[in-house]
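These numbers come from the heavy atoms of this one structure, side chains and all, not from hydrogens, waters or symmetry mates. None of these values were measured; they are calculated from a predicted model.
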Amino acid sequence: MIEKILEQIFPTTCGICGKLYKEPICNKCKAKIDKQIICKKQYKYLGNEFVKYIYLFKYKEILRKILLSYKFKEKIYLYEFFVKIILKNKKLYQFLEKYDIIIPVPIHSKKKKYRGYNQCELIAEKIAKNVEKLQYRDDVLIKIKNNLRQSSLKSEERKNNVKNVYMIKDLEKNKLEVQNKNILLFDDIYTTGNTVSECIRTLKKLNPKSIGVLTIFKD
Ligand SMILES: [Zn+2]
């Protein structure tokens, strides 16, 4: 058990290929991942309006393996690797600088208790620490229904599955703090867009100046 904990804090093998290595990801795997950075910016129709959307990678091959690792296999330290990639990318960094607040897509408290963490919170918080005026807020948008996992459903069922599952916490207080600010919503992966759409729909209750979306992967 202690070994397992230590390995999570000080990993001794590459989190992707398993080769002995002093860092979480070996140089070979790093190079493979670097080659796949796209960093694409586009407009998307989400939450009943066009919003700016940016993502880093198409979700495939080696990246698919990583996401599943840090999400479900307790290789949580891998998230730091993506934070580094995000912050090092000039186009993405400039995008981040246009926002005042970064909000992670929340998970239900029961799920968080079970998993022990929400990887989106960890990533968004770390990003905010490294971008001067970007403020991290995980106390604005909350998830009030523990719905089925989107990936377990057919695409036509996904829209209904996320309907009304999010809520603004302390609406009046948060509205005063967030209105007229530029909000960046963060999720690790974009699939059908139903999750971010529903989050945007909910966030609009705060009357923000604008809402943008950042995800690491796009399916
Ligand atoms: Zn490796």
Side-chain angles (χ1 to χ4, degrees), residues 16 33 36-76 78-79 82 85-86 92 95 99 102-124 127 138 140-168 183-206 208 210-219:
I16 299 165
I33 293 165
Q36 294 195 40
I37 296 176
I38 300 176
C39 196
K40 195 170 167 159
K41 203 159 82 178
Q42 55 191 174
Y43 277 94
K44 274 211 167 279
Y45 194 70
L46 298 164
N48 303 320
E49 66 176 285
F50 280 99
V51 301
K52 274 185 199 152
Y53 169 55
I54 198 164
Y55 69 93
L56 265 177
F57 300 103
K58 274 276 181 201
Y59 187 47
K60 58 180 186 183
E61 297 154 22
I62 189 169
L63 298 156
R64 192 178 288 265
K65 210 167 138 190
I66 301 186
L67 178 73
L68 294 174
S69 291
Y70 79 61
K71 216 167 184 169
F72 302 113
K73 288 186 194 155
E74 296 166 5
K75 285 187 186 171
I76 182 62
L78 286 178
Y79 84 87
F82 288 106
I85 293 182
I86 289 168
L92 191 43
F95 184 84
Y99 291 89
I102 185 166
I103 294 179
V105 167
I107 58 176
H108 193 268
S109 56
K110 265 189 193 159
K111 200 166 173 185
K112 193 175 166 183
K113 211 171 167 189
Y114 174 76
R115 201 190 280 169
Y117 57 87
N118 170 3
Q119 74 282 354
C120 290
E121 287 178 5
L122 298 174
I123 294 170
I127 290 172
D138 60 6
V140 173
L141 186 66
I142 53 169
K143 193 167 186 186
I144 48 171
K145 273 187 210 158
N146 199 6
N147 59 347
L148 293 166
R149 222 168 63 212
Q150 287 289 82
S151 56
S152 69
L153 300 170
K154 292 193 190 99
S155 56
E156 62 267 27
E157 298 167 330
R158 292 185 179 189
K159 196 173 174 187
N160 268 332
N161 188 49
V162 293
K163 201 153 192 203
N164 301 320
V165 301
Y166 301 103
M167 198 188 94
I168 301 295
I183 298 179
L184 182 62
L185 179 68
F186 174 78
D187 204 355
D188 48 7
I189 181 162
Y190 181 105
T191 314
T192 56
N194 285 310
T195 300
V196 282
S197 241
E198 186 64 15
C199 286
I200 290 171
R201 214 180 57 84
T202 311
L203 286 169
K204 278 191 192 168
K205 292 178 184 155
L206 297 163
S210 76
I211 302 178
V213 179
L214 159 66
T215 71
I216 299 175
F217 309 106
K218 185 172 185 294
D219 205 357

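Residues Lys58 and Asp219 approach most closely at NZ-O, 4.5 Å, considering heavy atoms. Among all heavy-atom pairs drawn from Tyr99 and Gly212, the shortest one is OH-CA, 3.5 Å. Considering every non-hydrogen atom in both Pro104 and Ala124, the closest pair reads CB-CB, 4.1 Å.
We find the CE-NZ distance between Met167 and Lys205 to be 8.5 Å, quoted to the nearest 0.5 Å. Residue Asn194 holds its CG atom at 6.0 Å from CD of Gln150, rounded to the nearest 0.5 Å. Atom CD1 in Ile183 sits 5.0 Å away from atom CG in Leu203 (nearest 0.5 Å). Note that the CG atom of Asp188 and the OH atom of Tyr79 stand 13.5 Å from one another [nearest 0.5 Å]. Note that CG of Asn160 and CG of Asn147 are 11.5 Å apart. Values are rounded to the nearest 0.5 Å. Summarising the geometry, atom CD belonging to Gln119 is positioned 11.0 Å from atom NZ belonging to Lys112; distances are rounded to the nearest 0.5 Å.
Counting only distance, with no hydrogens or angles, the side chain of Glu198 and the backbone of Asn164 share a donor-acceptor pair below 3.5 Å. Between the side chain of Arg158 and the main chain of Leu153, a donor-acceptor pair closer than 3.5 Å is present.
Residues Phe186 and Ile216 form a side-chain contact, since some pair of their non-hydrogen atoms from C-beta on lies under 4.5 Å apart. Put simply, the side chain of Lys60 reaches to within 4.5 Å of the side chain of Gln36, judged on heavy atoms. Side-chain contact between Ile85 and Phe57 is present, with at least one heavy-atom pair separated by less than 4.5 Å. Counting only heavy atoms from C-beta outward, the side chains of Glu49 and Lys204 approach each other to under 4.5 Å. Annotation: side chain of Val213 is in contact with side chain of Ile200 (closest heavy-atom distance under 4.5 Å). Using a 4.5 Å cut-off on side-chain heavy atoms (C-beta onward), Leu46 and Arg201 make no contact. Using a 4.5 Å heavy-atom threshold, the side chains of Tyr43 and Lys52 count as touching.
With respect to Leu185, the side-chain contact (heavy atoms from CB on, under 4.5 Å) criterion is satisfied by exactly one of Leu141, Val51, Thr215: Leu141.
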**Message:** Show, in sequence, the C-alpha distance, side-chain angles and deciding distance for Thr191 and Tyr59, and conclude whether the side-chain contact (heavy atoms from CB on, under 4.5 Å) test is met.
**Reply:** CA-CA 9 Å; Thr191 314; Tyr59 187 47; over 6 Å; no

**Request:** Show your working on side-chain contact (heavy atoms from CB on, under 4.5 Å) between Asp187 and Tyr55 and close with a plain yes or no.
**Result:** CA-CA 10 Å; Asp187 204 355; Tyr55 69 93; over 6 Å; no

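Few gaps surround NZ on Lys218; more than 12 heavy atoms of other groups in view lie less than 6.0 Å from it. Within a 6.0 Å sphere centred on NZ of Lys163, heavy atoms belonging to other residues, nucleotides or ligands number 12 at most.
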